Amino acid sequence: MRERIPGAKGGDALHEPDPATVRAAIDGDLTAFTELTRAYQAHVWRFLRHLLSDATLAEDVTQETFLRVYQRLRTYRAQAKFSTWVFQVARNAGIDALRARARRERLLRAVSPPRAVADASLRAEIAAALASLPPKLREAVVLVEVFGFTHREVAGILEVPEGTVKSRVFRARGRLAAWLAESERVDAV
């Protein structure tokens, strides 16, 4: 039997799943996991849509949420309600998406000229700016700013200390800004 969450309204109420279903999912039962996903998917999407203010991004992050839930099911402890745990995973995925979006926007601002340019021209300029970087700086800044990995994750990917990643990203940003300033100076002449 599923427990109704207080404060939920109408027929679209959020219910706690049967503990046996949660245990089965933890033990690897894909049918049980599918049942849990279906029970929470619309609620998680609605939460993320409001958090992210972007319905399409909310769809992507909802999928990411349930991938994380599946990967981390064994870490769930019944000390908290399952719904609370799922929404915590969704919130963390949403915050990661917001941070990734902010990083991409910062990178675009850092390497894009202030004047209005066509998208193709801007893409070409960004590509040229990135190509001007040494490979070690380029891979670090692309993994952090474009793909949204954390410094720690990039350290694992590149097999270098986290401080090295931070240093490379900082130097790459500086070089990109200098490259842009030089490009603007040449264009002004």
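Along the sequence shown, residues carry numbers from 1. Everything numeric here is computed off the predicted structure, so don't read it as measured data.
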note = Separation between NE2 (His151) and OG1 (Thr164), nearest 0.5 Å, reads 11.5 Å
Donor-acceptor pair, side chain of Tyr70 and main chain of Phe33, under 3.5 angstrom = no
inquiry  = Taking Phe82's backbone N and O only, do any of them form a donor-acceptor pair with Glu16's side chain (distance below 3.5 Å, no angle check)?
reply    = yes
query = Distance from Glu162 atom CD to Glu153 atom CD, nearest 0.5 Å?
reply = 10.0 Å
query = Backbone N or O of Val61 within a donor-acceptor pair of the Thr65 side chain at under 3.5 Å?
reply = yes
Spacing of CG belonging to Leu98 relative to CG belonging to Leu52, to within rounding of 0.5 Å = 5.0 Å
CZ/Arg152: more than 12 non-hydrogen atoms of other groups inside 6.0 Å = no
query = Of the non-hydrogen atoms in Ala55 and Arg49, which two are nearest, and what is the gap between them?
reply = CA-CG, 4.1 Å
key: Spacing of Glu139 atom CD and Leu133 atom CG [to the nearest 0.5 Å]   = 11.0 Å
inquiry  = Closer than 3.5 angstrom, by distance alone: can the side chain of Tyr40 be matched with the main-chain N or O of Trp45 as a donor-acceptor pair?
reply    = no
query = Do Leu67 and Phe87 share a hydrophobic cluster (ILVMFWY, side-chain heavy atoms under 4.5 Å, transitive)?
reply = no
query = So, does Arg74 use its side chain to make a donor-acceptor pair with the main chain of Gln71 at under 3.5 Å?
reply = no
ask   = So how far is it from Leu57 CG to Glu59 CD, rounded to the nearest 0.5 Å?
value = 9.5 Å
Least distance between heavy atoms, Ala172 atom then Leu137 atom = CB-O, 3.8 Å
